[in-house]
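Okay, so here's the structure we're looking at.
In what follows, every heavy atom counts, from backbone to side chain, and hydrogens, waters and symmetry copies are set aside. Each residue takes its place number in the sequence, starting with 1.
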Amino acid sequence: MPEVLFANSESAIKSESGERIPTALESEIRHIYKRSPLYQKRYPLNAEPLNWNLFKDIPLLSKREIVERGHYAFFNDHLEVERGLEQKKLEYESTSGTTSGPMTVIMEEGWWTAQTQRAYRTSPILRPYADKPYRKCVLAPVGCSSNLCPYEDHPFPNRYFDGTVYLNLSSDPFAFPESEWDRIVIELQATKPEVIEGEPVYLSLLARAAKKRGVSVPSIKVVILTYGKASLQHSKRIQEVFPAKQVDLYGSTEAGYLFVGEAFKDDSVVIDENAFIELIPWRPEMKDTFQIVVTTRDREAMPLLRYHTCDIVKRMPTGYRILGREKDLYFRKDGSLVTVTDIDAALPSDFACWHYMLSQTADLRWDFHYVSDHALDHTKVEEALAECIGEGARVNAFRRRSIAPAGSGKFSLLKPLSKV
């Protein structure tokens, strides 16, 4: 029996020996050590076969360490990076990283497209689009995933690349003027996409703009929710305007796509060809709830070995549920957990909004901000959420015109006070 749990399918982590790690995993680790000098410096490996004890001794890689060491630490020579970027053999992107600063991610040309194709092949809903030309529109934060998102001020159709139109020219959809939404909706109609992909808040507000203008886009067959955590409110508002299958595609700029499943069906699976994903039990009292640790596959530039993502997943009978970032989860004093799923379930059945954020302001005080076109019954909402949180919590609801994203451009749904 392997001493490490994985979320991957059994075929991806099949081991011929109980003591040795799977051949595919060992081969990937050896390749990572050859590609990047960082890992030999952190934990030298010799030529002896890797068993589970040696594997577990390889230290976890954190976002903070990547930020502090810098992206050059993954390469033998910084000139290798400069030449690669100049010759367009390498691409770069800056992602949110940590409070210490942003993370610069270097990737080989074509890697993002290839791992996206592998993600599509893993999903029964997306598989028909994996190996054929199709039309797609993307609406997401600037710099969403590698520099394949060219948000320069180009007129349409000069933002049309390989069948994909990048709709927005800037971040924060709450700041878009009506003239910008006019342009976006017209381009959506002109493109007639089969797939739309985006951050859930952006797509929710796109649905709002289309509804306001009386626009439907019957060509849309699939909606991909990615780049951020979706609430059931987002999903419902999008579904009302764009009645198509919804896919939850989870990953990060630095690691690529890792899980895919039908949205809100608790059936997400690992994209085996993209990564090995270890499951680290999070808390003893929380059965089937894990931190995830990622080892990327077939990555030449900045491969990640035992990368601690700070994301939490829960194993369900039908697959996995992505709970979100550890810092965005709330623990009651009795140790029980409150997640966005619980907040969604607690909201009254007649409640409808385009976006919300439940923010803790004191030990037992919470503010619920929501964006809606109509005034709602705050008493019902406040009582429902207070009962969900428990412990005598008090919730105040506020209807807002907008809810600002964090400095990174990301939106939060559940925002507990920072743990000291």
Side-chain angles (χ1 to χ4, degrees), residues 1-78 80-81 84 90 103 105-108 111 114-115 118 122 251-252 254-259 269-282 284 290-311 313 315 320:
M1 287 288 294
E3 298 181 34
V4 180
L5 292 174
F6 285 85
N8 297 76
S9 64
E10 289 187 14
S11 60
I13 54 166
K14 186 177 180 181
S15 178
E16 297 177 0
S17 167
E19 294 184 0
R20 286 193 60 176
I21 69 173
T23 302
L25 176 58
E26 178 168 1
S27 175
E28 192 60 52
I29 292 171
R30 298 293 182 187
H31 280 298
I32 288 174
Y33 266 74
K34 288 179 181 179
R35 294 168 190 156
S36 176
L38 171 65
Y39 297 102
Q40 190 69 24
K41 294 175 182 175
R42 295 174 79 245
Y43 184 80
L45 280 186
N46 54 34
E48 69 176 283
L50 285 178
N51 58 38
W52 289 112
N53 288 330
L54 281 172
F55 175 78
K56 289 192 296 183
D57 284 342
I58 299 174
L60 300 185
L61 180 67
S62 68
K63 288 191 176 186
R64 179 172 296 277
E65 184 177 356
I66 295 175
V67 170
E68 291 177 349
R69 286 180 176 268
H71 55 284
Y72 289 124
F74 287 84
F75 298 86
N76 290 304
D77 185 348
H78 76 276
E80 178 185 352
V81 179
L90 296 177
M103 180 194 300
V105 180
I106 304 294
M107 55 191 79
E108 63 270 22
W111 171 75
Q115 61 89 40
R118 293 192 290 267
T122 304
S252 66
E254 65 272 20
Y257 290 127
L258 303 173
F259 286 88
V269 296
V270 175
I271 303 159
D272 286 332
E273 291 182 284
N274 282 356
F276 296 102
I277 299 183
E278 298 171 59
L279 299 173
I280 309 295
W282 191 26
F290 306 92
Q291 298 174 316
I292 62 171
V293 173
V294 173
T295 296
T296 55
R297 303 187 71 172
D298 295 323
R299 179 86 175 265
E300 295 295 330
M302 280 187 74
L304 302 178
L305 174 57
R306 304 203 74 206
Y307 173 55
H308 183 207
T309 67
C310 298
D311 290 307
V313 302
R315 185 164 51 197
Y320 286 88

Query raised in the report: Do Q291 and V313 come close enough that some side-chain heavy atom pair is under 4.5 Å?
Result: no
Query - V81 side chain reached by F75 side chain, heavy atoms, under 4.5 Å - result: yes
Query raised in the report: Does the pair T23 and K14 meet the rule for a side chain to side chain contact (heavy atoms under 4.5 Å, CB included), with working shown?
Result: CA-CA 8 Å; T23 302; K14 186 177 180 181; over 6 Å; no
Requested in this report: Output yes when a side-chain donor or acceptor of T295 lies under 3.5 Å from a complementary backbone atom of L305, and no otherwise.
Outcome: no
Query raised in the report: In this structure, are over 12 heavy atoms from other groups packed under 6.0 Å from K56 atom NZ?
Result: yes
Query - Closest approach of A255 to S252 (non-hydrogen atoms, all atoms of both residues) - result: N-OG, 3.2 Å
Query raised in the report: With a 4.5 Å limit on heavy-atom distance, are the side chains of M302 and M107 in contact?
Result: no
Query raised in the report: Is there a side-chain contact between L304 and L61 (heavy atoms, below 4.5 Å)?
Result: yes
Requested in this report: Starting at CG of D298, measure out to CG of N274 and round the result to the nearest 0.5 Å.
Outcome: 8.5 Å
Query raised in the report: Which heavy-atom pair separates E278 from V4 by the least distance, and what is that distance?
Result: OE1-CG1, 3.6 Å
Report summary line: Closest non-hydrogen atoms of E48 and E26, given as atom of the first, atom of the second and distance, are O-OE2, 4.5 Å
Query raised in the report: Hey, does the side chain of Q115 reach the backbone of Y257 with a donor-acceptor pair shorter than 3.5 angstrom?
Result: yes
**Report entry** Backbone of R299 reached by a side-chain donor or acceptor of T296 within 3.5 Å
**Finding:** no
Requested in this report: Establish, from distance only, whether the side-chain atoms of E254 and Y307 form a donor-acceptor pair under 3.5 Å.
Outcome: yes
**Report entry** Salt-bridge contact E273-R297 (side-chain N to carboxylate O under 4.0 Å)
**Finding:** no
Query raised in the report: Are side-chain heavy atoms of F290 and W282 found at a separation under 4.5 Å?
Result: no
Query raised in the report: Under the ring-ring contact (aromatic ring centres under 6.0 Å, His included) test, which residues partner W111, sequence neighbours left out?
Result: none
Query raised in the report: What pairs with D272 under side-chain hydrogen bond (donor to acceptor under 3.5 Å, both in side chains), at least two apart in sequence or on another chain?
Result: N8, S9
Query raised in the report: For E28, which residues count as a salt bridge (Lys or Arg N to Asp or Glu O under 4.0 Å) partner, sequence neighbours excluded?
Result: R35
Query raised in the report: Got a sec: does the CD of Q40 have more than 12 other heavy atoms crowding it under 6.0 Å?
Result: yes
Report summary line: Taken to the nearest 0.5 Å, the spacing of L5 CG from I292 CD1 works out to 14.0 Å
Report task. For E108 and E300, indicate whether the former's side chain and the latter's backbone hold a donor-acceptor pair under 3.5 Å. Result -> yes
**Report entry** Y39 and F74 aromatic ring geometry - parallel, tilted or perpendicular at 30°/60° bounds
**Finding:** perpendicular
Requested in this report: Name all residues meeting the side-chain hydrogen bond (donor to acceptor under 3.5 Å, both in side chains) criterion together with E10; count only those two or more places apart in sequence or in a different chain, and write none if there are none.
Outcome: none
Query raised in the report: Quick one: are V270 and L258 in side-chain contact, heavy atoms under 4.5 Å?
Result: no
Report task. For residues R315 and L279, report the shortest heavy-atom separation together with the two atoms involved. Result -> NH1-CD1, 4.4 Å
Query raised in the report: What residues, two or more places apart in sequence or in another chain, satisfy ring-ring contact (aromatic ring centres under 6.0 Å, His included) together with Y320?
Result: F259
Query raised in the report: Is R20 close to W52 at the side-chain level, that is, under 4.5 Å between some pair of heavy atoms?
Result: no
Requested in this report: Return the orientation label for the F276 and F6 ring planes: parallel under 30°, perpendicular over 60°, tilted otherwise.
Outcome: perpendicular
Report task. Dump the intermediate steps for side chain to side chain contact (heavy atoms under 4.5 Å, CB included) on V293 and L60, then the final yes or no. Result -> CA-CA 8 Å; V293 173; L60 300 185; 3.8 Å; yes
Requested in this report: Return the set of residues passing side-chain hydrogen bond (donor to acceptor under 3.5 Å, both in side chains) with E65 (not counting sequence neighbours), or none when no residue passes.
Outcome: R42, R69
Query - Over all atoms of both residues, closest heavy-atom pair of P37 and A73 - result: CG-O, 4.0 Å
Report task. Would you mind reporting whether I29 and I21 have side-chain heavy atoms less than 4.5 Å apart? Result -> yes
Report summary line: Correct closest heavy-atom pair for A24 and A12 would be CB-O, 4.4 Å
